[in-house]
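Everything on this sheet refers to the single structure shown next.
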Amino acid sequence: AARRRQIYDTFEQHKIRPLFVEYICENEAIVDENIRKVKISSPDYVTLDPDSAVQDFKRRIANMEPYYETIEDNDLSYIKLYNVGEHFVVNNIRGYLQSRVVFYLMNLHISDRTIYLARSGESSNEGSYKSDAPLSEIGHRYAHNLQDAILRRIKQRNDEALVKTGVDMSKRALKVWTSTHVKSYQTAEYFAQHENVSVRRRMLLKGINPGVCENMSLQEVKKKFPEEYQEYLRDPYHHRYSLAESYHDVSVRLEPVILELEREHDDILIIAPESVLRCIYAYFAPQGLPDSLIPTLAFPRSIFVELKPTAYGCKERRIGISPSMATPEPVSDNATEHN
């Protein structure tokens with residue numbers, strides 16, 4: 001308690017108000033599961049077998065318990081999280097930033113889930129943002145192949161989990177989130193016919209608005225707007241062309257989606273334009289990314305990305321989409337909704 005007060009007073013002298021976060025777990029089953037799922041994969045235990053690692057970590061907990069003091073000073077700003085979100089105690093929270101941090105922490109969980117990222121299929125007017133064109137024949141073929149590849153991967157993971165843990169995951173739900181671009185939700189509609197799959201359109205997942213650069217290549221932009229183009233090269237993440245969005249704008253727009261992703265316990269497939277996938281991927285990236293690299297990330301239609309959030313980062317796999325010789329029938333032909 002004295003050390004917390006010292007930290008608090010030191011920061012207060014510099015006009016900084018600290019927020020203390022305390023995780024309390026009184027459920028031994030959760031503690032054991034968390035040690036086996038999370039702690040034994042930490043760098044401390046890379047050379048130990050799982051059972052020895054579990055016993056060592058439990059000894060660490062026992063050694064620290066006599067010395068640990070829970071937060072009781074009500075002058076401090078703090079949040080206590082009990083049994084991984086079972087209930088919370090929030091005290092003396094002040095200001096916008098502390099409120100956002102508390103809201104974020106209350107949405108976190110440790111359940112296993114997987115996030116898949118995939119491009120929308122090719123449209124019949126691929127270069128145009130405003131036309132919001134439907135899928136081309138190639139786009140429909142891609143959507144069909146994407147559906148096969150994702151469902152095949154999920155079955156593979158379920159089979160592996162059954163062998164490893166004995167738990168049947170075959171009834172686990174898959175939620176598909178897609179933008180309101182016609183090509184995006186037409187790509188997603190191929191999943192709608194399957195059991196345990198739900199499809200949801202989300203306006204926030206629409207692609208970056210190019211503004212005056214609509215339907216222009218980088219070379220055309222360079223020729224028509226040379227000064228703007230140089231500004232873009234200096235800061236591609238924050239630069240905004242006239243009437244357009246920047247990648248920073250897109251990231252801010254996606255904040256509610258990110259929070260909902262953190263809250264979700266089910267597997268999620270996001271089908272969206274490449275600009276949106278870049279920003280979402282950057283949040284979960286196994287290695288931190290500088291802002292300037294986000295606009296350069298590539299998500300070709302030959303692969304989808306599998307992300308597995310863990311306590312020590314996020315595991316990533318890029319999985320190929322095998323082309324099918326079959327020509328799929330379009331699921332829907334009457335899409336008229338626009339961005």
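Just so you know, residue 1 is the first one in the sequence shown, and it goes up from there.
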(request) Take atom CD of E227 as the centre, draw a 6.0 Å sphere, and report whether it contains more than 12 heavy atoms from other residues, nucleotides or ligands. (result) no
(request) Scan side-chain atoms only and decide if E262 and Y283 contain a donor-acceptor pair under the 3.5 Å cut-off. (result) yes
(request) Verify whether one side chain among D49 and Y45 offers a donor that lies under 3.5 Å from an acceptor in the other. (result) no
(request) Report the residues that fulfil ring pair (Phe, Tyr, Trp, His ring centres under 6.0 Å) with F299, sequence neighbours left out, ordered by chain and then residue number. (result) Y281
(message) Just by distance, no angles: are the side chains of E306 and T114 close enough, under 3.5 Å, to form a donor-acceptor pair?
(response) no
(message) Under the criterion side-chain contact (heavy atoms from CB on, under 4.5 Å), I'd like the reasoning laid out for V199 against Y185: C-alpha separation, chi angles, the key distance, then a yes or no.
(response) CA-CA 8 Å; V199 177; Y185 68 72; 5.9 Å; no
(request) Would you check if there is a donor-acceptor pair between the side chains of Q147 and H194 at a distance under 3.5 Å? (result) yes
(message) Among V250, I271, V257, T178, exactly one meets side-chain contact (heavy atoms from CB on, under 4.5 Å) together with L205. Which residue is that?
(response) V257
(message) Within the 3.5 Å criterion, strictly below it, is a donor on S179 or R202 matched to an acceptor on the partner's side chain?
(response) no
(message) Under 3.5 Å, is there a donor on one side chain and an acceptor on the other for Y237 and S251?
(response) yes
(request) Please state whether the rings of F225 and Y241 are parallel, tilted or perpendicular, taking 30° and 60° as the class boundaries. (result) tilted
(request) Answer with yes or no whether the side chains of R17 and Y8 bring together a donor and an acceptor at under 3.5 Å. (result) yes
(message) Quiz question: by atom type and distance under 3.5 Å, do the side chains of H239 and S246 form a donor-acceptor pair?
(response) no
(message) Can you confirm if the NZ or CZ of R3 lies within 45° of the ring axis of Y68 and under 6.0 Å from the centre of its six-membered ring?
(response) no
(message) Can you confirm whether the side chains of H181 and Q186 place a donor and an acceptor under 3.5 Å from each other?
(response) no
(request) Indicate, with yes or no, if V89 and V21 share a hydrophobic cluster defined by side-chain heavy-atom contacts under 4.5 Å among Ile, Leu, Val, Met, Phe, Trp and Tyr. (result) no
(request) Can you label the angle between the H248 ring and the H238 ring as parallel, tilted or perpendicular, going by 30° and 60°? (result) tilted
(request) Decide whether K222 and S217 meet the rule of one side-chain donor and one side-chain acceptor closer than 3.5 Å. (result) no
(request) Report yes if some heavy atom in the side chain of N107 is under 4.5 Å from a heavy atom in the side chain of Y104; otherwise report no. (result) no
(request) Check whether the side chains of D168 and S170 place a donor and an acceptor atom closer than 3.5 Å, and report yes or no. (result) yes
(request) Report yes if some heavy atom in the side chain of L19 is under 4.5 Å from a heavy atom in the side chain of L76; otherwise report no. (result) no
(message) For a side-chain contact (heavy atoms from CB on, under 4.5 Å) check, start with the C-alpha distance between R301 and E122, then their side-chain angles and the critical distance, and finish with the verdict.
(response) CA-CA 9 Å; R301 292 189 174 99; E122 177 188 290; 4.2 Å; yes
